[in-house]
Structure formats: structure tokens, C-alpha cells
Colleague: 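So that we are looking at the same thing, I have put the structure below in C-alpha cells.
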Amino acid sequence: MNYTSIFETIHHEIQPFAHLGQQATYIPALARVNPNQFGICLHTLEGETVALGDADVRFSIQSISKVFSLAMALHFEGENLWTRMGREPSGTTFNSLVQLEYEHGIPRNPLINAGALVTADVLLAHMDNPEEYFLEFLRTLAGTQEVCYNPEVAESEQSCGYMNAAIANLLKHYGNIRGDIDRVLHLYFMMCAVEMNCRELAQAFLPFANHQQPFGYAGITLTTSQIKRMNAIMQTCGFYDEAGEFSYLVGLPGKSGVGGGIAAICPSRYAIAVWSPRLNAKGNSILGMKALELFTTLTAESIF
Ligand code: GLU
């Protein structure tokens, strides 16, 4: 498969959509990002790497971090984790309060904010310095010590994170946050503020594509069965209120973030990351989704 020429075709075909949408503005530090950037990187399990555009520019991974924190929480808690959250698509926005109240403080799944806040609480119960361990885990997965978080983005989000604070308070009310709310929010915002580029993100997702091998990075281990289940959750819950649309158009398990990044995997084949800050109304990168739709169509390599 000539992935280089496929990437060039994709780059050409997405141009008519390049000025649609805008970057997330509700986190002030993200509003300042140049929206006219596009990067994509593929790593295959055979060791081939193909990148194009701004694949080496780091960006705020935002909700993509929820995949990594889930992997850590599953390592520590195993199946017990599901006593505190579900694994069904939410069908509502990522920061919905209404659904959480109806469902008595049990988040629908780990990839919406409420679920990720419970996950952060789990990590705090198991580690003295989860911020440091989270970074070490990501550095090991991405194969570089250069992965860091951007304190300005974390503070910017904290300063206007009223919805997340409301969700955390509701969770606490229902007894589903056991630790200190401010501590949970601090860890959550820090994880969202990690910066990676497409090359690093695709590398970090490759173990999820290698689903027949047990997972072991920086002391975080998952069985092949747990990787299978993580991929299932990414497929059904990884794209906000648009997981069905992403399955229909692209057909890969993955996760998006409001920074404009999307990371996805094809089991036994590859991991791919794409980034472009302009979002659609559901919060997913317009060019990112378009590029992945073209990629799985041109290669006929998706899970369907
Ligand atoms: N830090 C963001 C928030 O909680 C994450 C949003 C996202 O990427 O979905 O609002």
C-alpha cells in the first residue's frame, strides 16, 4: 500500500473544507491557536511511518487523554471500575449535567467528562503523584521524554471550568468522588493540557492496535481482553455525540479532543493521528474526520 501517495491525495481532497468551522474558544488558551494547521501521521505494526503537514507540531490533546487515564484506571481497578461508571454511548454533550443527575451520579462512560473525573479520582486513590506518573506513562508510550503538559492551558481551563466543577460537585454529592474535588479537577485539567504531536500520538496508540499482545508500559499492564474492551469503548463512545457518525464515515475505534486532534487504530494494522483545530458543531475536527474518512475509503482498511 502506498500510504505516502494516499496522504497526498487526502491533502488535496480536503482543501475545499479547510476554512469551515473554528477552533474551540471556551478555553481561552486554545482560542489563540492558529486554526489553519493540518497534520497527519500513520504508524503501522510492521514499522512503517508516514507523516504529512504539521505532524510534528504539538497541540493540546484534551479529551484524547481520557483514553490514557482509562488504561491506568483499568490497570489498577480491573472490572471494579464498572461499579462507578457505565460503558454506553452518552448521546449527549461531553459535559452534560442532566444525564448525570438522572443516572444518580454514575457517568455513562469513561470518555465523557463525568467518567474521566471519576477516573481521575481512582488514579488519585492509587498514586501519590498521579500527575508525574501520567506523564511518565505517556512518555513511555510515545517513546520520547519530550511529552509535557502546558500549565498555561491547564490554568486557563481551571479559571473558567465551571461546568467541570459542577460535574465534580454532583459526583461528590452522589458519593462517586471519594477524594478532594479540587485535587480531582487539578489532575483532570492537567491531563487535558498535555501536548503531543501526531507522530507521538500515533505511536502512543499503537499498542491498542497490537491488541493480541498484552500491554505493559511504565508499569501499567493490560491483558489482551482489556485492550479489546478499551477499543470497544473508543468505538462506541470516543467521539462525543457523534460516535455513530464517526463509525459510519470512518469505521475505526479512536478518540477526539477539542484541541482538534483525533487518534484512531485499526486492529492488527496501524495507529493513525490527525490534527486540525477547526471543529464541527459536535466538537470533532472537520479536516480530521474528513481525512480519516478518505483514508479508510482509499485503503479499504477499517474494522468494517
Ligand atoms: N478539557 C476539556 C473539558 O473538560 C476537554 C474537552 C474535550 O476535549 O472534550 O472541557
Side-chain angles (χ1 to χ4, degrees), residues 21-33 35 58-70 85 89-97 99-100 107-121 123 131 134 138 149-171 177 181-196 198 201 205 233-234 236-243 245-246 254-264 273-286 288-289:
Q22 59 165 356
Q23 75 267 49
T25 51
Y26 77 103
I27 302 171
L30 292 186
R32 294 197 289 273
V33 173
R58 293 205 173 88
F59 58 91
S60 197
I61 68 169
Q62 290 295 316
S63 274
I64 300 172
S65 64
K66 294 176 170 76
V67 172
F68 303 121
S69 55
L70 171 62
M85 62 184 83
S90 69
T92 59
T93 53
F94 65 100
N95 55 7
S96 172
L97 269 175
Q99 186 171 63
L100 189 62
R108 267 291 169 98
N109 69 63
L111 301 183
I112 54 172
N113 288 19
L117 287 162
V118 172
T119 301
D121 186 52
L123 299 187
E131 279 86 353
F134 185 74
L138 261 56
Y149 83 103
N150 183 332
E152 193 198 335
V153 173
E155 278 155 32
S156 175
E157 192 168 352
Q158 181 121 34
S159 69
C160 57
Y162 305 111
M163 275 304 264
N164 285 316
I167 294 169
N169 277 280
L170 204 55
L171 288 165
I177 279 187
I181 292 178
D182 291 336
R183 192 66 193 84
V184 168
L185 285 167
H186 181 271
L187 174 59
Y188 172 80
F189 291 136
M190 174 266 159
M191 294 192 291
C192 289
V194 165
E195 295 187 336
M196 295 170 85
C198 290
L201 210 45
F205 266 65
I233 291 168
M234 285 195 251
T236 52
C237 311
F239 297 92
Y240 309 115
D241 197 8
E242 206 172 32
E245 186 73 356
F246 192 86
K255 182 74 197 93
S256 57
V258 294
I262 302 177
V274 59
W275 169 60
S276 192
R278 292 180 188 271
L279 308 177
N280 65 18
K282 304 275 185 181
N284 290 312
S285 168
I286 291 177
M289 269 182 80

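Since this is a predicted model, take the numbers as computed values, not measurements. Quick note: numbers below take in every heavy atom, side chains included, and nothing from hydrogens, waters or symmetry partners. Note that ligands are numbered from 1 as they come in the structure, with each ligand's atoms numbered from 1 the same way. Along the sequence shown, residues carry numbers from 1.
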Colleague: Hey, is ligand 1 close enough to V258 that some N/O pair sits below 3.5 Å?
Modeller: yes

Colleague: Which residues satisfy the ring-ring contact (aromatic ring centres under 6.0 Å, His included) test with Y188, sequence neighbours excluded?
Modeller: none

Colleague: Under the side-chain contact (heavy atoms from CB on, under 4.5 Å) criterion, do L30 and Q23 qualify, and how do the steps go?
Modeller: CA-CA 7 Å; L30 292 186; Q23 75 267 49; 5.9 Å; no

Colleague: Quick one: closest heavy-atom pair of V153 and S60, and the distance?
Modeller: CG1-OG, 3.8 Å

Colleague: Assess, by modelled atom type and distance only, whether the side chains of N280 and E242 contain a donor and an acceptor separated by less than 3.5 Å.
Modeller: yes

Colleague: Using the side-chain contact (heavy atoms from CB on, under 4.5 Å) rule, take T119 and M85 through it: C-alpha gap first, then chi angles, then the decisive distance, then the call.
Modeller: CA-CA 9 Å; T119 301; M85 62 184 83; 3.4 Å; yes

Colleague: Using a strict cut-off of 4.0 Å, indicate which atoms of ligand 1 neighbour a heavy atom of G257.
Modeller: 8 (O)

Colleague: Just let me know how E157 lines up against ligand 1, side chain, backbone, both or neither, with a heavy-atom cut-off below 4.0 Å.
Modeller: side chain

Colleague: Tell me, which protein residue and heavy-atom name are nearest atom 5 (C) of ligand 1, and how many Å apart are they?
Modeller: Q62 OE1, 3.2 Å

Colleague: Looking only at heavy atoms, what is the nearest atom pair of C160 and Y26, with distance?
Modeller: SG-O, 3.4 Å

Colleague: For atom 10 (O) of ligand 1, what's the nearest protein heavy-atom neighbour? Residue, atom name and distance, please.
Modeller: Y26 OH, 2.7 Å

Colleague: List the steps, then state whether side-chain contact (heavy atoms from CB on, under 4.5 Å) holds for R32 with E152.
Modeller: CA-CA 12 Å; R32 294 197 289 273; E152 193 198 335; 2.2 Å; yes

Colleague: Where on C192 is there a heavy atom closer than 4.0 Å to ligand 1, on the side chain, on the backbone, on both, or on neither?
Modeller: side chain

Colleague: Is there a side-chain contact (heavy atoms from CB on, under 4.5 Å) between N284 and E245? Walk through the geometry before answering.
Modeller: CA-CA 11 Å; N284 290 312; E245 186 73 356; over 6 Å; no

Colleague: Taking 4.0 Å as the limit for heavy-atom contacts, which would you say applies to F189 with ligand 1: side chain only, backbone only, both, or neither?
Modeller: neither

Colleague: Which atoms of ligand 1 sit under 4.0 Å from any heavy atom of Y240?
Modeller: 7 (C), 8 (O), 9 (O)

Colleague: What are the atoms of ligand 1, with element, lying closer than 4.0 Å to any heavy atom of S63?
Modeller: 5 (C), 6 (C), 7 (C), 8 (O), 9 (O)

Colleague: Quick one: look at N164 and ligand 1, take heavy-atom pairs under 4.0 Å, and tell me if it's side chain, backbone, both or neither.
Modeller: side chain

Colleague: Between N113 and ligand 1, which residue portion shows a heavy-atom distance shorter than 4.0 Å: side chain, backbone, both, or neither?
Modeller: side chain

Colleague: In terms of residue, atom name and distance, what is the protein heavy atom nearest to atom 4 (O) of ligand 1?
Modeller: Y188 OH, 2.5 Å

